[in-house]
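This report concerns only the one structure given below.
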Amino acid sequence: MPLIESTYTPPYFFKNGHFSTIYPNLLRKVNDILQTRERIELEDGDFIDIDWSYPSNGESNQKVAVLIHGLEGNAQRQYIVGLARHLNNNHWDVAAVNLRNCSGVVNRLYRSYNAGVSEDLSSIITHIIEKEYNTISICGFSLGGNITLKYLGERASPTQVKSAVVVSVPCDLYDSLKEINKPKNFIYQKRFIKSLKEKLHERQQVFPEQISKSDINACKSLIDIDNLYTSKAHGYTNAIDYYTKCSSKQFLKNIQIPTLIINAKNDTFLGNACYPIKEAQENNNLFLETPNFGGHVGFYLRGLTYYNEYKTVQFLNKW
């Protein structure tokens with residue numbers, strides 16, 4: 001499809017990519033949404049927790065949006081509950097996913113989550129179909145967006161899955177890693193590493209024979225963690241093998257349902273390879289919007305609702 005011309009023009013300070021990235025994480029507060037947790041048992045003996053929310057009028061809907069968070073996120077992140085609120089206000093049920101090991105509880109298995117766990121998303125969709133929804137849409141952010149695109153491009157979607165919107169997606173994982181490693185992203189990188197190592201130490205206590213404290217402490221970068229744990233725990237040879245096989249860009253040509261990608265040009269986490277212009281031009285189901293501003297999941301607008309939230313509901317309601 002032709003590229004979508006963006007209309008997003010934020011207030012002055014939010015034209016800075018770092019400011020728009022940091023502001024929602026530190027200062028946005030979405031408190032007026034009620035979530036109810038459901039635990040899904042998986043075939044491999046593990047579980048995933050889903051946090052449901054519904055329109056305030058109490059009406060039963062037959063359409064649901066499945067929301068998937070980013071790296072080291074969860075279903076309570078402001079970008080998740082902000083979108084959930086806007087969807088609920090527009091008559092959508094919402095199933096906000098906590099990926100494995102992200103719901104505040106250490107999962108049962110040594111494996112966790114990664115940017116390519118489309119099999120877990122498939123299990124979630126199957127579970128939701130059993131609830132007799134006739135319209136399912138998927139919304140993924142950052143790493144969750146990569147999972148979404150990979151899932152849609154790997155297989156023919158069930159007929160109930162009608163559309164998808166993904167935001168700030170590292171379509172090329174290695175390209176994104178190289179961007180995050182740049183000095184401009186030093187603070188973000190350190191926060192990710194700290195959070196991931198804390199979780200690895202939690203897992204080490206449960207699985208001491210599979211990973212050691214000294215190996216965890218020796219990790220100084222994201223690729224170190226992916227070489228030590230992410231790749232090995234999920235069946236990949238090493239980090240590069242994981243990035244290569246899980247990057248969603250290679251699957252975009254196969255997507256068969258209307259899918260919108262919103263990647264800001266000033267997203268500090270995305271390199272040039274993360275903007276799939278050619279792929280969007282060659283696939284009638286793939287829509288790409290690249291606003292000049294927005295940073296990484298930071299599409300601020302005055303008021304309660306962010307730009308990507310407006311665009312998401314607008315796009316999903318078309319299909």
Side-chain angles (χ1 to χ4, degrees), residues 33-70 73-77 79-103 105 107 113 115-141 143-167 248 251 255-260 285 309 312-313 315-319:
I33 181 172
L34 176 64
Q35 293 179 315
T36 303
R37 179 157 293 184
E38 177 188 21
R39 176 159 294 181
I40 297 177
E41 295 291 333
L42 302 172
E43 289 187 2
D44 63 7
D46 214 339
F47 64 87
I48 284 180
D49 290 329
I50 295 181
D51 292 327
W52 289 85
S53 61
Y54 304 94
S56 58
N57 60 16
E59 292 181 2
S60 177
N61 290 305
Q62 290 187 303
K63 58 183 184 180
V64 59
V66 179
L67 277 50
I68 309 172
H69 61 78
N74 55 47
Q76 283 69 55
R77 288 298 171 96
Y79 58 84
I80 293 288
V81 292
L83 178 56
R85 175 176 62 189
H86 191 52
L87 284 160
N88 290 158
N89 288 343
N90 284 273
H91 315 295
W92 285 80
D93 292 356
V94 170
V97 175
N98 298 277
L99 295 169
R100 299 195 200 208
N101 218 43
C102 293
S103 63
V105 181
N107 278 62
Y113 74 97
V117 287
S118 51
E119 69 278 11
D120 283 356
L121 178 53
S122 180
S123 296
I124 292 164
I125 296 298
T126 298
H127 175 78
I128 289 174
I129 287 172
E130 292 172 355
K131 295 178 179 289
E132 299 185 352
Y133 284 100
N134 59 24
T135 297
I136 300 173
S137 293
I138 309 172
C139 304
F141 293 85
L143 174 144
N146 190 79
I147 295 169
T148 301
L149 295 174
K150 180 173 179 283
Y151 166 80
L152 294 174
E154 280 180 326
R155 71 206 78 203
S157 303
T159 57
Q160 294 89 341
V161 179
K162 307 296 187 184
S163 59
V165 176
V166 292
V167 178
S248 61
F251 300 102
I255 290 178
Q256 300 175 21
I257 65 168
T259 299
L260 172 64
N285 293 308
E309 296 162 3
T312 295
V313 170
F315 187 82
L316 299 187
N317 283 342
K318 288 181 179 180
W319 319 101

Exercise for review: Could you tell me whether a side-chain N or O of H69 sits under 3.5 Å from a main-chain N or O of L99, the two making a donor and an acceptor?
Suggested key: yes
Practice item. Please report the closest heavy-atom contact between V64 and A95, naming both atoms and the distance. Key: CG2-N, 4.0 Å
Practice item. Taking the side chain as every heavy atom from C-beta outward, state whether I129 and P158 have any atom pair closer than 4.5 Å. Key: yes
Practice item. Quick one: list whatever passes side chain to side chain contact (heavy atoms under 4.5 Å, CB included) with N317, sequence neighbours left out. Key: K63, W92, V313
Review point. Can you find a heavy atom in the side chain of I138 that is under 4.5 Å from one in the side chain of I125?
Key: yes
Review point. Of all heavy-atom pairs between D49 and S103, which one has the smallest distance, and what is that distance?
Key: OD2-OG, 2.8 Å
Exercise for review: For the pair N146 (side chain) and G116 (backbone), establish whether a donor and an acceptor sit closer than 3.5 Å, ignoring hydrogens and angles.
Suggested key: no
Check your understanding: Do any N or O atoms from the side chain of Q35 and from the backbone of A96 form a donor-acceptor pair under 3.5 angstrom?
Key -> no
Review point. Quick one: OG1 on T159 to CD1 on I136, what's the gap to the nearest 0.5 Å?
Key: 9.0 Å
Review point. Does the side chain of L87 reach to within under 4.5 Å of the side chain of L316, using non-hydrogen atoms?
Key: yes
Study note, to complete from the structure: Rounded to the nearest 0.5 Å, the CZ atom of R39 sits from the CD1 atom of I50 at a distance of 11.5 Å
**Study point:** Value rounded to 0.5 Å, distance of CG in L149 from OG1 in T259
**Key:** 7.0 Å
Practice item. Rounded to the nearest 0.5 Å, what's the gap from CD on Q160 to OG on S137? Could you check? Key: 12.0 Å
Revision key, fill the gap. Taking every heavy atom of G144 against every heavy atom of I68, the minimum-distance pair comes out as CA-CG2, 3.6 Å
Study note, to complete from the structure: Of all heavy-atom pairs linking S157 and V161, the shortest is CB-CB, 4.0 Å
Review point. Among all residues two or more places apart in sequence or in another chain, which pass the ring pair (Phe, Tyr, Trp, His ring centres under 6.0 Å) test with F315?
Key: F287, W319
**Study point:** Residues which pass side chain to side chain donor-acceptor pair (under 3.5 Å) with S118, listed by chain and number, not counting sequence neighbours
**Key:** K150, E154, R155
Practice item. With sequence neighbours excluded, tell me which residues meet side chain to side chain donor-acceptor pair (under 3.5 Å) with N98. Key: D51
Point to revise | Residue list, side chain to side chain contact (heavy atoms under 4.5 Å, CB included) with R77, at least two apart or on another chain | key: N74, Y79, I80
Practice item. Indicate the atoms forming the closest heavy-atom contact of E132 with Q62, along with that distance. Key: O-NE2, 4.5 Å
Revision key, fill the gap. Sorted by chain and number, sequence neighbours left out, side chain to side chain donor-acceptor pair (under 3.5 Å) with T312 holds for none
Point to revise | side chain to side chain donor-acceptor pair (under 3.5 Å) partners of H127, counting only residues at least two apart | key: E38
Check your understanding: What's the spacing between L34 CG and S56 OG if we round to 0.5 Å?
Key -> 11.0 Å
**Study point:** Heavy-atom pair of closest approach, residues A84 and L67
**Key:** N-CD2, 3.9 Å
Study note, to complete from the structure: OG (S123) and CD1 (I48) are apart, to the nearest 0.5 Å, by 7.0 Å
Point to revise | Side-chain touch V117/L121, heavy atoms, less than 4.5 angstrom | key: no
Point to revise | Salt bridge present between R100 and D44 (N-O < 4.0 angstrom) | key: yes
Exercise for review: Before giving the answer on side-chain contact (heavy atoms from CB on, under 4.5 Å), spell out for N57 and H91 the whole-Å C-alpha distance, their side-chain angles and the decisive distance to 0.1 Å.
Suggested key: CA-CA 9 Å; N57 60 16; H91 315 295; 4.0 Å; yes
**Study point:** Side-chain (N90) to main-chain (H86) donor-acceptor, under 3.5 angstrom
**Key:** yes
Check your understanding: Are any of the side-chain heavy atoms of L260 and K318 separated by less than 4.5 Å?
Key -> no
Practice item. Apply side-chain contact (heavy atoms from CB on, under 4.5 Å) to the pair Y113 and I147, showing each step before the final yes or no. Key: CA-CA 10 Å; Y113 74 97; I147 295 169; 5.7 Å; no
